[in-house]
Structure formats: C-alpha cells, structure tokens
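Taking it in order: structure first as structure tokens, then the write-up.
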Amino acid sequence: MEFKNTKEFNTYIEDNKSSILGHGVEGTVYLTKANETIKDIQDNPKIIDYTDIIMSTDLDLSSFLFPTELFLIGDKIVGYKSNYFPNNIIKKRNGKIEDIDIDALLEAREEFIKDLKVLTEAGYYLYDTAGNILFDNKSLVAIDTLNYKKKTVPLKRNITSLDNALVCELRKHDSNSGIVVFDTFTTAIEKIKKENNR
C-alpha cells in the first residue's frame, strides 16, 4: 500500500489501531481493530529491495509471521502489516521459569525447525531472532522478519540462532532461573527441568 506522505500514513495508523503492543529499536507495533499488527518503522525506513523480503504469500510457514502487506512512501518501506500472535508468555518480564511448559517448548521447537529447514533451503538465514521469538506454551513463532537476508547457510547455523534466541528469552523471562547468556539450549533446558522438579 502506497502513501503520499508521513501524514497520510499516520492517519491510516490512527484509523486502524486499537492499542499499542510495544516499542522496539526499529519502531512501534500496534494491534489493529481487525486483530492484526501494524509495525511503524518510519524512524528507520528501508529502501525497497524485494529480493530479500519474504511475504506471507511467498512462504506459508506457521512458525514465521511474515508481512502480509508493506506500507510504502516513495521508494522506502515505512511499515508493514502481519498476523497477530496472542498470549505470548515467554517475553513476559519478572516471570517464573515454571510458567514454561518445557515439553511443549521442546515440541514447538521441533515444529519450528521443520519450517526453518524450508526457510534455509529457500536461501535465508535468521537475523535478530533474540527478542523476536514468541511462545504461548503451544506454538513458537518468529516475528520482525523484514531484515532476513538471502544467504546460503547450513541449517545447523540457523538452528544455533534459534537456540541462542531461546536461551536469551528464557533468561530474561526469569532472571532467577540460573540460566546465563553463554548457556547452550540443552544446558538451559536442564536448568529449567531441575527448577521445575524442586
């Protein structure tokens, strides 16, 4: 969708948003009245380069919330729309590690890796996954995928990126879990199991 200027785009956001979901380095995310998300990246717009951008119509992978629509002003992407993932628990701060259903997380990770294999075979690598992964004790999804780049990497590298992101999020979720930034995913899971079995 193309807009003439910033004012027109801001009016579109105001007309469609129902609430603010959060702010990040890249921009602000809004929940729409239609239960979708709009991400406003006007402060960090991207020059259009369609060779790297993955739209939801390009790869139908349930583990990735790719943009469903891009918002343009001239030759720059100033925002995008994507589907909404409700009930995220893993990003909640001051949580307890026992909030995490570890068996469900392991199953969700396996499903994510199946989709990750498709993404890898399409020639993409994960970018900025830490802070952009959500979990609702059932499904695991990646958001903010606009920065993914075309680059041939082994699946193992993308899995490592996923696992590093999970360790980061689990540590942030419960700073008293004993999980540290240098833990492997396996070590973090062992710590969670030990904590849950106390």
Side-chain angles (χ1 to χ4, degrees), residues 19-31 37 39 41 44 54 59 61-67 82-121 124-149 151-198:
S19 63
I20 295 177
L21 291 175
H23 302 279
V25 175
E26 195 177 53
T28 303
V29 182
Y30 301 91
L31 181 64
T37 63
K39 183 151 189 184
I41 58 170
N44 296 284
I54 312 169
L59 289 174
L61 303 173
S62 61
S63 302
F64 294 88
L65 296 185
F66 298 124
S82 64
N83 291 325
Y84 175 54
F85 184 81
N87 306 318
N88 177 48
I89 63 161
I90 202 171
K91 215 169 182 181
K92 182 178 72 174
R93 301 302 177 249
N94 303 316
K96 299 294 181 188
I97 206 65
E98 54 265 26
D99 299 339
I100 308 296
D101 182 333
I102 193 62
D103 292 327
L105 178 61
L106 293 172
E107 286 179 25
R109 178 180 172 272
E110 289 306 310
E111 289 303 310
F112 191 102
I113 289 173
K114 289 177 186 176
D115 284 347
L116 187 54
K117 184 178 180 184
V118 175
L119 187 82
T120 305
E121 289 172 351
Y124 288 90
Y125 76 98
L126 296 187
Y127 178 84
D128 193 28
T129 316
N132 290 315
I133 198 146
L134 310 177
F135 180 61
D136 63 358
N137 265 338
K138 183 179 179 184
S139 301
L140 191 64
V141 301
I143 59 171
D144 283 354
T145 62
L146 200 62
N147 291 318
Y148 287 12
K149 301 291 182 191
K151 185 176 180 182
T152 302
V153 297
L155 177 61
K156 185 176 180 181
R157 176 173 168 181
N158 274 338
I159 293 173
T160 298
S161 294
L162 166 64
D163 287 347
N164 290 343
L166 286 170
V167 169
C168 179
E169 289 306 311
L170 291 168
R171 184 176 61 87
K172 287 179 183 176
H173 179 76
D174 183 351
S175 59
N176 296 316
S177 64
I179 297 170
V180 295
V181 70
F182 298 111
D183 279 344
T184 64
F185 179 69
T186 303
T187 300
I189 294 303
E190 287 171 355
K191 288 181 177 180
I192 293 173
K193 286 182 174 179
K194 183 178 179 182
E195 186 70 23
N196 286 347
N197 290 329
R198 280 187 178 178

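In plain terms, the two heavy atoms of Val141 and Ser62 that are nearest each other are CG1-O, 3.5 Å. Between Lys151 and Tyr125, the shortest heavy-atom distance links the atoms CB-CD2, 3.3 Å. Thr187 and Thr184 get closest at one heavy-atom pair: OG1-OG1, 2.9 Å. Closest approach of Thr120 and Val153 over heavy atoms only: CG2-O, 3.2 Å. The shortest non-hydrogen separation linking Lys138 to Ala108 is O-CB, 3.5 Å. Smallest separation of non-hydrogen atoms from Asn44 and Glu26: ND2-O, 3.3 Å.
Looking at Thr37, its side chain does come within 3.5 Å of a backbone N or O of Ser82 through a donor-acceptor pair. A donor-acceptor pair is defined here as one N or O able to donate and one able to accept, closer than 3.5 Å; such a pair exists between the side chain of Asp183 and the backbone of Val180. No donor-acceptor pair under 3.5 Å is formed between the side chain of His23 and the backbone N or O of Val29. Judged by distance alone, the side chain of Asp99 and the main-chain N or O of Lys96 form a donor-acceptor pair under 3.5 Å. Counting only distance, with no hydrogens or angles, the side chain of Asp174 and the backbone of Ile179 share no donor-acceptor pair below 3.5 Å. Side-chain N or O atoms of Asn88 include none that pairs as donor or acceptor with a backbone N or O of Asp136 at under 3.5 Å.
Taking CG from Asn137 and CD1 from Ile102, the interatomic distance works out to 9.5 Å, rounded to the nearest 0.5 Å. Here the straight-line distance linking atom CG of Leu166 with atom CZ of Arg171 works out to 13.0 Å at 0.5 Å rounding. In this structure, the separation between CG on Leu105 and CZ on Phe135 is 4.5 Å, given to the nearest 0.5 Å. Atom NZ of Lys149 and atom CG of Asn147 lie 6.0 Å apart (nearest 0.5 Å). Annotation: the span from Asn164 atom CG to Ile159 atom CD1 amounts to 12.0 Å, rounded to 0.5 Å. Atom CD of Glu169 is separated from atom CG of Asn132 by 8.0 Å, given to the nearest 0.5 angstrom.
Scanning for side chain to side chain donor-acceptor pair (under 3.5 Å) contacts around Ser63 gives Asp115, with sequence neighbours left out. For Lys114, the side chain to side chain donor-acceptor pair (under 3.5 Å) partners are Glu111, not counting sequence neighbours. Partners of Phe112 under the ring-ring contact (aromatic ring centres under 6.0 Å, His included) rule, at least two apart in sequence or in another chain, are Phe64. In this view, Ser177 satisfies the side chain to side chain donor-acceptor pair (under 3.5 Å) rule with no residue, not counting sequence neighbours. For the side chain to side chain donor-acceptor pair (under 3.5 Å) test, no residue two or more places apart in sequence or in another chain qualifies with Asn83.
Side-chain atoms of Ile90 and Leu170, non-hydrogen and from C-beta on, do get closer than 4.5 Å to each other. Side-chain contact check for Leu65 versus Thr145: every heavy-atom pair is 4.5 Å or farther apart. The side-chain heavy atoms of Tyr30 and Leu21, taken from C-beta on, include no pair separated by under 4.5 Å. Contact of the Leu162 side chain with the Phe185 side chain is not registered, since no non-hydrogen atoms from C-beta on lie closer than 4.5 Å. Residues Ile41 and Leu146 have side chains in contact (heavy-atom distance under 4.5 Å, counting atoms from C-beta outward).
Pairs engaging residues 157-166 under the salt bridge (Lys or Arg N to Asp or Glu O under 4.0 Å) rule: Arg109-Asp163 [sequence neighbours left out].
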Stepwise, does the side-chain contact (heavy atoms from CB on, under 4.5 Å) test hold for Leu61 with Val118? CA-CA 8 Å; Leu61 303 173; Val118 175; 3.9 Å; yes
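Within 6.0 Å of the OH atom in Tyr127, the count of heavy atoms belonging to other residues, nucleotides or ligands does not exceed 12.
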